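So the structure is just underneath, and the comments pick up after that.
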2 protein chains.
Amino acid sequence: MPDLSASLPAAVTRKDVARLAGVSTAVVSYVVNGGPKNVAPATQEKVRQAIATLGYRPNVTARALKMGSSRILGMVVPKITSPFFAKLAQAVEKAAEDEGYAMLLGDSRDSLTVERHHLSNFVDRQVDGVFLCSVLNHRPEVGELERRGIRTVLLNFSEYPLEIDAIGPEFVGSSRRAVEHLASHGHRDIALVQGLVTGNTLDGREVGWREALKGLGASEGRIFRCTFDRPGGYDAGQRFLALADRPTAVFVTSDEQAVGFLKALHEAGLRVPEDVAVMSFDGSEEAEFSWPPLSTVRQPVKQMAEAGVRAIIGSGRDEAPRTQVFDCELVLRASCGCQ
Amino acid sequence: MPDLSASLPAAVTRKDVARLAGVSTAVVSYVVNGGPKNVAPATQEKVRQAIATLGYRPNVTARALKMGSSRILGMVVPKITSPFFAKLAQAVEKAAEDEGYAMLLGDSRDSLTVERHHLSNFVDRQVDGVFLCSVLNHRPEVGELERRGIRTVLLNFSEYPLEIDAIGPEFVGSSRRAVEHLASHGHRDIALVQGLVTGNTLDGREVGWREALKGLGASEGRIFRCTFDRPGGYDAGQRFLALADRPTAVFVTSDEQAVGFLKALHEAGLRVPEDVAVMSFDGSEEAEFSWPPLSTVRQPVKQMAEAGVRAIIGSGRDEAPRTQVFDCELVLRASCGCQ
DNA sequence: CGTTCTGATTGACTCGAGTAGATCCCGCTG
DNA sequence: CAGCGGGATCTACTCGAGTCAATCAGAACG
């Protein structure tokens, strides 16, 4: 049927519906929200009819003002172009959507200043909760959020318990298992390509790698520190190649970095896994389609996102924040020597 | 200095500020917004002081209700995990942020139903504008948005002028140049890996490819249709490999697909570019770090995002919508035979 | 037939900020 | 000194929806 409504922003309000249905505005609300008072079936029908003919849609802004809840969640990521954070953002958005929430995305572009800006902006916009993937790997500054009573969940963090909710993979143990797997292929000199973390704590992946080496009785491994992205991994690869006595295997703290690292190896004509075996962390699609396909530690992104949404919208105001740690799965492909 | 404010959501309102400053609420508004009426310098100072001591932040929701503008833009992408859309989303978010707007992200996960859901949701949330990367490649259903006066910009679309704003790369000419470049390396049998488009129009990349082949007087090329992602490209690669008389070069409609295609070639032991030369479209970081590095058509993402924001917030209500087409740049790397 | 009870409905106030229109105060002019 | 102009300020209404207290209509009962 042809659309006959006006071309200007036709603002159909509760009042219009009430008038057409011949009831008061309160009744319209009761029908729309199914409460808090009952409405006689016949009246309900009249109201529904009016809503349908007018094409009434409640004004979410007005509701938000009245209820003090915007039904919007905010998410801050260091870089949405990182395959892992993209996957995480997708999962969070889906989980939020399933609960009727929309998601504001803030990309901090690896800058703490921008991260702070986004958080402060989210406060102003009265989001109901925030997912924070901080550029810091220690407790970020979320005082303002807490003060306003905005439930905040730290994602990709699980190092130690904090006074706020945190969700992350089991960094230490998963990394240890990854390194041990490399060792199972006969490697003893296993290096670490470690992303730079701006914080005073040790990254769990580094801890796991150390533990594994110690457990193997292997010599102390070498570390290549670089940024958490493809160019960083490439740069680490260059430094790796410059070594006279190269390690035979490498554990890389993210798929992205591993892809850059692989590029450096390819350029030098080294074969993977024959000359250098590689394992990485995250489990993004990127790892599956690199060459050779990367063995990696897969984070249960979907579960983490759902747990995050639950922590924000499903928990009472006074419920104590907690840190939830998720087990990861070793995905074995060609780069470590499997297959 | 220590924070002494209450731990409960301290809702400091305009009223509190007015009381402390000893003025009316209207004056507070005038000071905060710099108008529409003047306030005596001395009074301004008092108000500013009160705002500072109370830590007052205007309630954006209330303002949105009154003004009918949320200062939020919505963006819908088919898949945020696609490197190209991630880059685009990042650029749009940045451009929006620079203008004081926040961005709601909706991931439609390649589903038209979900896309519609997001759009309808954005309408309810009274966003001030929408960026739409539709899963359709023809005019999507944005009637509702238009009816509510929400300015909408179609991104990644430039095939033909529409009654709504559209922004996209110069698909046809850029693709023609890419294919001609492959030809310049001596190739005559150049295949196309074409993403599936749900619409009745021809994809500009396909048109450009055809034009180039015709211009070269080459025989009609072969087409491998597949989904617009890595697995799709891989699948196309499998079909390509099954051919008895394989083309010597391939033009792929996205970096993502090209990465999947490369994987198939690698598995079969074919060398790139010696056995098969490859060029793709988009210009994401993914292309730079694949092996071999992919020659690609780089879209000017930043400029397109900025133009998009301008189209939404900088244009008058009655300004006629227009299609803006952006020139792309050929980035030549190893996969085509350069270097 | 009057009273009481109960469920349906309504009027009116609220959320917090924008702003028009009314008011106030001061200094200047005739 | 009355009258006027004009800037500063305040009062009060508005945006659209949620919901409580009050009201109303009708049924049930004595």
Side-chain angles (χ1 to χ4, degrees), chain A residues 8-48 50-51 54-72 100 123-128 148-149, chain B residues 8-48 50-51 54-71 123-128 148-149:
Chain A
L8 281 178
V12 178
T13 76
R14 189 178 62 163
K15 217 161 154 182
D16 302 316
V17 177
R19 190 165 337 137
L20 180 60
V23 299
S24 77
T25 58
V27 173
V28 178
S29 271
Y30 297 150
V31 171
V32 170
N33 306 326
K37 306 216 172 157
N38 325 23
V39 174
T43 317
Q44 283 201 27
E45 195 41 39
K46 275 194 301 181
V47 173
R48 274 188 228 294
I51 288 178
L54 292 179
Y56 167 72
R57 311 268 289 263
N59 182 321
V60 208
T61 310
R63 174 188 302 226
L65 171 60
K66 185 66 183 149
M67 309 303 283
S69 153
S70 55
R71 290 190 82 79
I72 290 182
V123 170
D124 283 343
R125 292 180 183 278
Q126 306 192 185
V127 299
D128 291 347
R148 305 265 171 164
Chain B
L8 281 178
V12 179
T13 75
R14 189 177 63 164
K15 218 161 156 182
D16 303 315
V17 176
R19 191 167 334 137
L20 179 60
V23 298
S24 77
T25 59
V27 173
V28 178
S29 271
Y30 297 150
V31 171
V32 169
N33 306 326
K37 303 210 176 162
N38 316 22
V39 176
T43 316
Q44 284 201 27
E45 194 42 38
K46 276 193 301 182
V47 173
R48 274 187 229 293
I51 288 178
L54 292 178
Y56 167 72
R57 312 267 291 262
N59 182 320
V60 219
T61 311
R63 174 189 302 229
L65 172 59
K66 186 65 184 152
M67 308 302 282
S69 153
S70 55
R71 291 190 82 78
V123 170
D124 283 343
R125 291 179 185 280
Q126 308 194 182
V127 300
D128 291 347
R148 306 264 170 164

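Not measured: the values here are computed from a predicted model.
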Review point. How close or far is atom P of C:dG18 from atom NZ of B:Lys15, stated in whole angstroms?
Key: 15 Å

Practice item. Quick one: label A:Ser29 by what it contacts on the DNA or RNA (base, sugar-phosphate, nothing), any heavy atom closer than 4.0 Å. Key: base

Point to revise | Rounded to 10 degrees, the angle between the two terminal axes of the helix from C:dC1-D:dG30 to C:dG30-D:dC1, each from five pairs | key: 80°

Review point. What pair of heavy atoms forms the shortest contact from B:Lys46 to B:Val23, and how long is it?
Key: NZ-CG1, 4.3 Å

Study note, to complete from the structure: B:Asn38 atom CG is separated from C:dT19 atom C1', nearest whole Å, by 14 Å

Exercise for review: Quick one: pull up OG1 in B:Thr61 and CE in A:Met67 and give me the separation to the nearest 0.5 Å.
Suggested key: 13.0 Å

**Study point:** Trace of the side chain to side chain contact (heavy atoms under 4.5 Å, CB included) decision for A:Val31 with A:Thr43
**Key:** CA-CA 9 Å; A:Val31 171; A:Thr43 317; over 6 Å; no

Revision key, fill the gap. So CZ of B:Arg71 and CZ of B:Arg63: to nearest 0.5 Å the spacing works out to 8.0 Å

Point to revise | B:Val12 to B:Val17 - nearest heavy-atom pair and separation | key: CG1-CG2, 4.5 Å

Check your understanding: Nearest 0.5 Å, what's the CG-CG distance between B:Asn59 and A:Leu65?
Key -> 6.0 Å

Check your understanding: If you look at every heavy atom in B:Asp128 and B:Ser69, which pair is closest and at what distance?
Key -> OD2-OG, 2.7 Å

Check your understanding: With a non-hydrogen cut-off below 4.0 angstrom, is B:Val39 in contact with a base, only sugar-phosphate, or nothing?
Key -> sugar-phosphate

**Study point:** Contact residues, residues 54-63 of chain A to DNA chain C [heavy atom, < 4.0 Å]
**Key:** none

Point to revise | Atom pair distance, as rounded to whole Å: CZ in A:Arg125 and P in C:dG16 | key: 19 Å

Revision key, fill the gap. What one should report as the nearest heavy-atom pair of A:Val28 and A:Val47 is CA-CG1, 4.2 Å

Check your understanding: What is the distance from CG of B:Asp16 to C1' of C:dG16, rounded to the nearest Å?
Key -> 11 Å

Shorter than 3.5 Å, N or O on both sides, protein versus nucleotides 24-28 of chain C: list them out with atom names.
none

Check your understanding: Who are the side chain to side chain donor-acceptor pair (under 3.5 Å) partners of B:Ser24, not counting sequence neighbours?
Key -> none

Would you tabulate the nitrogen or oxygen pairs shorter than 3.5 Å linking the protein to nucleotides 10-14 of chain D?
from: D:dC10; atom 1: OP2; to: B:Ser24; atom 2: N; distance (Å): 2.7
from: D:dC10; atom 1: OP2; to: B:Ser24; atom 2: OG; distance (Å): 3.2
from: D:dC10; atom 1: N4; to: B:Tyr30; atom 2: OH; distance (Å): 3.3
from: D:dT14; atom 1: O2; to: B:Lys66; atom 2: NZ; distance (Å): 2.8

Review point. Can you tell me if B:Arg125 uses its side chain to pair, donor with acceptor, with the backbone of B:Ser70 under 3.5 Å?
Key: no

Practice item. Quickly work out the B:Arg71 CZ to C:dA17 C1' distance and round it to whole Å. Key: 15 Å

Review point. Of all residues at least two apart in sequence or in a different chain, which pass the side chain to side chain donor-acceptor pair (under 3.5 Å) check with A:Arg57?
Key: B:Ser120, B:Asp124, B:Glu144

Check your understanding: Over how many whole Å does the gap from B:Asn33 atom CG to C:dG18 atom P extend?
Key -> 4 Å

Review point. What heavy-atom pair brings B:Tyr56 and B:Thr13 nearest, and what distance separates the two atoms?
Key: CE1-C, 3.6 Å

Point to revise | Protein-nucleotide distance (A:Glu45, atom CD; C:dT9, atom P), rounded to Å | key: 13 Å

Practice item. Output the distance between atom CD1 (B:Ile51) and atom CD (B:Gln44), rounded to the nearest 0.5 Å. Key: 10.0 Å

Study note, to complete from the structure: On DNA chain D, more 5' by nearest nucleotide between B:Lys46 and B:Leu65 is B:Lys46

**Study point:** Heavy-atom closest contact (B:Pro58 atom, B:Val32 atom, distance)
**Key:** CG-CG1, 4.1 Å

